[in-house]
Number of protein chains: 4
Amino acid sequence: MTSSLRREPRQARSRAMVERIVDAARAVLAAEGYDAFSTNRVAAAAGVSPGSLYQYFPDKTALVDVLARQWVDRMSDDVAGALLAHVDAEAPDLLRSAATALLDAVERDPLMLRIVWLELPGARNVAARDALERRVRDVLTTYLRLRHPATAERADRLAWVLVLTAQQLTVRFVLDPDPPLTREQLVDELVAVSAGVLGVPGVPD
Amino acid sequence: MTSSLRREPRQARSRAMVERIVDAARAVLAAEGYDAFSTNRVAAAAGVSPGSLYQYFPDKTALVDVLARQWVDRMSDDVAGALLAHVDAEAPDLLRSAATALLDAVERDPLMLRIVWLELPGARNVAARDALERRVRDVLTTYLRLRHPATAERADRLAWVLVLTAQQLTVRFVLDPDPPLTREQLVDELVAVSAGVLGVPGVPD
Amino acid sequence: MTSSLRREPRQARSRAMVERIVDAARAVLAAEGYDAFSTNRVAAAAGVSPGSLYQYFPDKTALVDVLARQWVDRMSDDVAGALLAHVDAEAPDLLRSAATALLDAVERDPLMLRIVWLELPGARNVAARDALERRVRDVLTTYLRLRHPATAERADRLAWVLVLTAQQLTVRFVLDPDPPLTREQLVDELVAVSAGVLGVPGVPD
Amino acid sequence: MTSSLRREPRQARSRAMVERIVDAARAVLAAEGYDAFSTNRVAAAAGVSPGSLYQYFPDKTALVDVLARQWVDRMSDDVAGALLAHVDAEAPDLLRSAATALLDAVERDPLMLRIVWLELPGARNVAARDALERRVRDVLTTYLRLRHPATAERADRLAWVLVLTAQQLTVRFVLDPDPPLTREQLVDELVAVSAGVLGVPGVPD
DNA sequence: AATGAATGAGGCTTCATTCAT
DNA sequence: AATGAATGAAGCCTCATTCAT
């Protein structure tokens with residue numbers, strides 16, 4: 001009786017627990033790598049008992065998946081949003097704005113980027129990464145079909161090429177300890193690549 | 001004479017063991033993923049005792065490293081060789097030849113490609129992959145300085161961009177179960193990207 | 001009330017586990033020697049899983065150390081207590097009482113005596129044995145300085161000699177399968193040795 | 001034919017091998033302790049193949065036994081010889097000479113002393129140590145019966161006491177890193193103990 | 001819902017020993 | 001006699017997971 005009054009509503013408690021666990025998982029991965037990422041270790045870091053972890057995650061892999069999915073979802077929203085925001089601009093500006101926005105998104109959480117890209121076992125997170133790529137590609141394909149009818153027939157291929165290229169260059173720019181170009185130069189190169197492939201003028205000269 | 005026929009000399013036996021183990025390691029990784037990659041599992045797959053594995057590899061990680069290193073070394077040779085082989089060609093042909101050669105190299109051993117790219121723990125093999133990238137970038141940088149003096153000052157950046165892009169597109173083309181372009185189309189796009197970035201005519205039109 | 005009957009509280013459970021493990025460790029050592037003293041063997045003998053052992057002991061050596069330390073501590077208390085209890089007696093009685101008390105202490109747990117003296121790897125338990133000797137020597141040195149001022153200047157040496165001698169004779173008396181003297185005769189000899197070294201009359205004749 | 005001439009006679013070769021192995025075993029024990037004492041390690045240290053070791057020792061334990069036995073035999077000879085050499089002397093001199101000779105013997109090979117006393121698993125070498133004690137006790141008992149008829153009836157007990165005491169004190173004097181008495185003082189105490197127990201004047205006063 | 005003691009399969013590695021040469 | 005590659009049982013220990021409370 002009395003004790004039931006002291007408690008937080010169920011939802012809130014669960015949410016708190018899940019968050020503590022997920023945060024701890026991130027922290028452990030970031031600080032000690034995937035080798036130290038044991039359920040016991042995470043539970044300890046979360047100040048929670050190992051058993052509790054299994055009330056919210058059926059599996060160790062489920063926890064990993066949530067981590068990846070969370071990151072992918074936010075990244076996905078960021079990137080898609082950025083693209084949509086600039087969809088009206090004219091070509092040269094568009095490319096530059098889009099490139100900048102993409103880089104912003106990738107730079108937003110370098111810690112998780114490193115975790116998802118380097119720490120998590122690749123095979124298990126291809127699915128999550130694929131979802132991200134697919135979504136962005138769809139947006140881009142649509143855009144290309146509408147605004148660059150000239151490239152319509154190869155819109156699919158172009159989207160695939162552009163998304164993979166932009167992803168690779170931005171991710172590596174953030175992860176590499178000492179990339180051989182500045183942020184601005186990277187944007188320039190991204191624009192150049194896109195413009196070249198699209199057959200539009202990259203830089204207003 | 002006669003005795004040499006009874007058994008292989010010592011060297012050959014060791015080589016045979018190492019090969020059996022490395023082959024088994026590859027097979028286990030390919031068939032069951034890194035999670036099943038235990039020393040006992042590998043030894044069993046090699047038809048060898050667990051102890052024998054440790055006569056040739058100090059560590060489980062040493063075995064992984066050999067796997068990665070082997071692949072990286074061959075890939076490295078293939079790619080660098082391919083670039084050097086076409087270094088005299090004129091621009092449009094050069095790009096097309098180089099792109100084709102690169103794709104050939106990447107396609108040569110899809111099994112190991114998948115293993116190195118998706119199965120092995122990222123953090124542990126960044127070093128190996130970096131070595132590969134670095135080597136190819138050096139070749140490319142040199143080439144650009146000599147043959148494209150116009151781009152000399154940004155040769156470093158260009159090489160970084162081109163290597164990462166070409167790597168990403170070819171690797172993904174091979175690994176993705178259903179890429180949205182054909183081999184020829186990929187080559188076309190690679191040429192287009194490179195030409196665009198380099199400011200040379202990509203396709204003779 | 002009712003719930004407390006169902007199970008022991010947490011503390012008691014842990015204590016029970018530790019005790020089961022330590023008892024099993026003793027049993028294994030006594031029955032099968034240090035060679036059979038493996039963590040798995042001990043766990044099995046304790047009716048406990050190998051993992052449980054590591055919830056209470058960080059190491060195999062920690063278990064060994066606890067065993068040695070337990071015995072040394074009790075022995076230490078017994079012997080020091082015995083000496084202090086007789087510190088007021090007059091010389092001849094004192095020696096006899098002390099010798100008897102010492103022998104009592106050594107005889108108290110012949111099983112552990114055998115384990116600590118013969119089964120445990122010497123090098124690893126010298127520290128524990130040393131602590132015991134040191135403590136007894138300190139008591140004895142103090143006693144000698146106060147009650148045998150004549151020997152004050154060589155109190156250190158005498159204590160070293162007497163402690164080592166008494167230890168050796170009592171321990172060997174207990175451990176040797178067929179010692180050539182009776183318990184009473186051993187006490188007599190201990191008194192004789194001590195009296196001789198101290199320069200006091202040993203047996204009132 | 002020709003090759004048989006190049007060879008050393010069989011005996012000599014075996015002896016050389018056995019010696020190399022035993023020496024290596026000693027070295028390994030002295031330098032790295034019993035934990036590092038593996039047959040492979042010893043073979044390597046001896047510059048010999050693991051297989052060869054098994055041509056001369058059926059077992060790992062056999063090697064350990066030889067080590068212990070060798071030491072015990074020499075020690076045995078030394079001590080017994082020393083006692084016999086002084087058997088004619090008169091009491092006070094005798095005790096002093098014997099004590100000195102015993103100490104000489106124990107000090108002769110401190111490395112092996114440490115190995116036998118602290119490194120080797122106790123239980124396995126009790127036999128060897130017992131043999132040593134028994135032999136010395138026999139000599140001493142005989143001496144006591146002949147020269148100290150007064151103590152004849154307790155000669156057995158006395159020999160047991162004296163041998164164990166002298167052994168303990170001398171061994172510990174050599175092994176302890178910082179014993180609280182000098183060599184001369186130890187001899188004095190040994191004489192005092194013996195004299196006290198025997199009921200003879202220890203120091204000519 | 002939360003706990004945390006307990007589990008036990010299994011991972012990595014060592015090492016005494018064998019045996020074909 | 002000597003070799004040394006090969007063995008494989010077994011040792012220590014971890015960790016994902018369960019379950020009684």
Side-chain angles (χ1 to χ4, degrees), chain A residues 3-4 7-8 10 13-14 16-17 35-44 48-63, chain B residues 3 6-10 13-14 16-17 35-44 47-61 63, chain C residues 3 6-10 13-14 16-17 35-44 47-61 63, chain D residues 3 7-8 10 13-14 16-17 35-44 48-61 63:
Chain A
S3 74
S4 74
R7 300 205 164 207
E8 308 295 331
R10 211 187 325 158
R13 286 206 112 212
S14 304
M17 288 285 287
D35 284 357
F37 187 77
S38 72
T39 53
N40 288 339
R41 183 80 192 70
V42 169
V48 147
S49 100
S52 297
L53 198 150
Y54 282 83
Q55 224 137 42
Y56 300 98
F57 304 92
D59 241 10
K60 187 192 183 185
T61 71
L63 181 50
Chain B
S3 74
R6 279 197 216 135
R7 275 249 174 201
E8 304 299 329
R10 213 184 323 155
R13 287 197 107 219
S14 303
M17 286 287 284
D35 284 356
F37 187 77
S38 75
T39 52
N40 286 344
R41 183 77 193 71
V42 170
V48 149
S49 104
S52 295
L53 202 151
Y54 286 84
Q55 222 155 55
Y56 301 98
F57 303 93
D59 239 18
K60 187 196 183 182
T61 72
L63 182 50
Chain C
S3 75
R6 278 198 217 133
R7 274 250 177 199
E8 306 299 329
R10 213 184 321 154
R13 287 199 107 218
S14 303
M17 286 287 283
D35 285 357
F37 187 77
S38 75
T39 53
N40 285 345
R41 184 77 193 70
V42 169
V48 147
S49 101
S52 296
L53 200 151
Y54 286 85
Q55 224 156 55
Y56 301 98
F57 303 93
D59 239 18
K60 187 195 182 184
T61 72
L63 181 50
Chain D
S3 74
R7 301 203 163 209
E8 308 296 329
R10 211 188 322 156
R13 285 205 113 214
S14 305
M17 288 286 286
D35 284 356
F37 186 77
S38 72
T39 52
N40 287 339
R41 182 80 192 69
V42 169
V48 148
S49 99
S52 297
L53 198 151
Y54 284 83
Q55 225 137 41
Y56 300 98
F57 302 93
D59 240 12
K60 189 193 185 186
T61 71
L63 181 51

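Note that these values count all heavy atoms, side chains included, but never hydrogens, waters or copies made by symmetry. Quick note on labels: first sequence line is chain A, next is B, and so on, each numbered from 1.
Residues satisfying the ring-ring contact (aromatic ring centres under 6.0 Å, His included) criterion with D:Phe37, sequence neighbours excluded, are D:Tyr34. Qualifying side-chain contact (heavy atoms from CB on, under 4.5 Å) partners for A:Ala62, counting only residues two or more places apart in sequence or in other chains: A:Phe57, A:Pro58, A:Asp59. Every residue was checked against the side-chain hydrogen bond (donor to acceptor under 3.5 Å, both in side chains) condition with A:Asn40, not counting sequence neighbours, and none meets it.
What separates CD of A:Gln55 from P of F:dA20 is a distance of 15 Å, to the nearest Å. C:Leu53 has its CG atom 12 Å from the P atom of E:dA6, to the nearest Å. Between B:Leu63 atom CG and E:dG11 atom P there is a gap of 15 Å when expressed in whole angstrom units.
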In 5'-to-3' order, the base (B), backbone-only (S) or no-contact (-) status of each nucleotide in nucleotides 11-16 of chain F, using a 4.0 angstrom heavy-atom cut-off, is SBBBSB
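Among all heavy-atom pairs drawn from B:Ala36 and B:Arg41, the shortest one is O-CG, 3.2 Å. The shortest heavy-atom contact between D:Lys60 and D:Ser38 is CE-CA, 4.4 Å. Nearest heavy atom pair, residue C:Val48 against residue C:Leu53, reads CG1-N, 4.4 Å.
A stem is defined here as three or more consecutive Watson-Crick or G-U pairs, each with both distances under 3.5 Å; for DNA chain E these stems are E:2-21 with F:2-21.
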